[in-house]
Every structure is written in structure tokens, then in C-alpha cells.
Amino acid sequence: MSTTTVDTDRQDERKRKRAAIIKFSLAGAALLGIGAAATSAAWTDQAWFSASASGATFELQGKNFASPATFVDADDASAKIVIPSAELAQLVPGATRTLTLTIKNSGSVEQAVTEAHTWLAGAGTFVAAPTVAVAGVPAGTLAAGAEATVTVTVTTPSDWAVGNQGKSQDLQLVFTGTSV
């Protein structure tokens, strides 16, 4: 064999080895690429939620038996519902007067309702104020849209002092609704 043939055979074998290495390298790279693609192509899924939020309406209204005929907002002393003065006029010892009031939960959620009353001080006030009893304020809560009839009883003692003659005083009733 000649040197040229040996050199050619060696070159051919090197080319085959090089081609085999390149093929194995490419096959390995392809396998790595497929493995990487399989790893990064994991399945995913999601569950999304959405909700609208809103504030409740909250309103306690009132009316008395005579006027107004419809429920009104009376949120503070400047907007109070005035009970006709004739209802508590001409008090004498041992007198009892009864007022009928109605409160309504005009809001969208239930309310716990409390009552407070006081005789307001002023010039010419009673020596001893009559007693006030309030019945019918809902125990527990007043449901949205519900009404409650409240009875207010004002009583003077049988021995009400002579010093109360010609005197006058304002009675203030406040019903407060509290969210629960």
C-alpha cells in the first residue's frame, strides 16, 4: 500500500469519526432540547374570581301618630319630628299622657335600636319633671324595612308640686340605630 492510500484511508477514517462525533453531539443536543422543552412545557391552569362589593344603606326614620303622615329622616335635633304641643299641655298632678310614635328601619341591614330621653333645661322649667316610660322599642334588632310602634307614657306624680303651675319644659326623645 502506498503512503497516499494510507493517508487517504486515515483521512477518511478521521472524517467518519468526526462525522460520528458530530452526529452524536447533534443527537445529544436534540435530546437535551426535547427534554428542556418537555420540562418547560408543563401544563398549567388557573381559576380566577371576581366580586363587586357595596356598602349597605343605613337609615332609621320616624313619624308620630298625627303628623307627618309619612316617615322622615330626623337625623339630628335640627331635623327633629315635632310632636304637637297639645299632646303634653295642661298637665296636672296625677296626669298620664300617651304618645304613639313609629320608627322604621329604612336601610338594607338590621339595626339594634336604643332609646334615650331627657327633659331639656331652660327658663321656667318644672320643679320636678314628669316621669317618662317608653315601651315598644324592639328588643334585639329591627330588620331591614321593619317598623316598630313605640308608646311613650308621660306621668306626673299625684303630689306634683304647686311650683309646676305655669311652667313648661321640652321633652327630647332620641332613637338610635346601630349596625349589628
If we ignore hydrogens and angles and just use 3.5 Å, is the side chain of [X] paired with the main-chain N or O of [Y] as donor and acceptor?
X	Y	answer
Arg97	Val152	no
Asn105	Val109	yes
Gln111	Glu59	yes
Ser158	Gly94	no
Thr156	Ala95	yes
Asn164	Lys167	no

> Looking at Pro138 and Leu142, what are the two nearest heavy atoms and their distance?
Replying inline: CG-CD1, 4.0 Å
>> Side-chain heavy atoms nearer than 4.5 Å, only ILVMFWY residues, links allowed to pass through others: does that put Phe58 and Leu60 together?
In response: no
> Do Val174 and Val150 sit in the same hydrophobic cluster, where Ile, Leu, Val, Met, Phe, Trp and Tyr count as joined when their side-chain heavy atoms come under 4.5 Å apart?
Replying inline: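 No; Val150 is not reachable from Val174 via cluster members.
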Any chance you could measure [X], atom [atom1], to [Y], atom [atom2], to the nearest 0.5 Å?
X	Y	atom1	atom2	result
Leu171	Ile83	CG	CD1	7.0 Å
Leu99	Leu88	CG	CG	5.0 Å
Phe71	Ile103	CZ	CD1	9.0 Å
Lys63	Thr149	NZ	OG1	8.5 Å
Gln165	Leu91	CD	CG	12.5 Å

> Between Thr100 and Thr151, does any side-chain donor sit less than 3.5 Å from a side-chain acceptor?
Replying inline: no
> Should Leu101 and Leu173 count as side-chain neighbours, where that means a heavy-atom distance under 4.5 Å?
Replying inline: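 Touching, per the 4.5 Å side-chain cut-off.
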> Between Phe175 and Val137, is any pair of side-chain heavy atoms under 4.5 Å apart?
Replying inline: yes
> Between Ser106 and Gln61, does a side chain to side chain donor-acceptor pair (under 3.5 Å) hold up when you go through it step by step?
Replying inline: CA-CA 7 Å; Ser106 296; Gln61 295 182 315; 2.6 Å; yes
Give every donor-acceptor pair under 3.5 Å between a side-chain atom in residues 120-136 and any protein atom, sequence neighbours left out.
unit_1 : atom_1 : unit_2 : atom_2 : d
Thr131 : OG1    : Thr155 : O      : 3.2

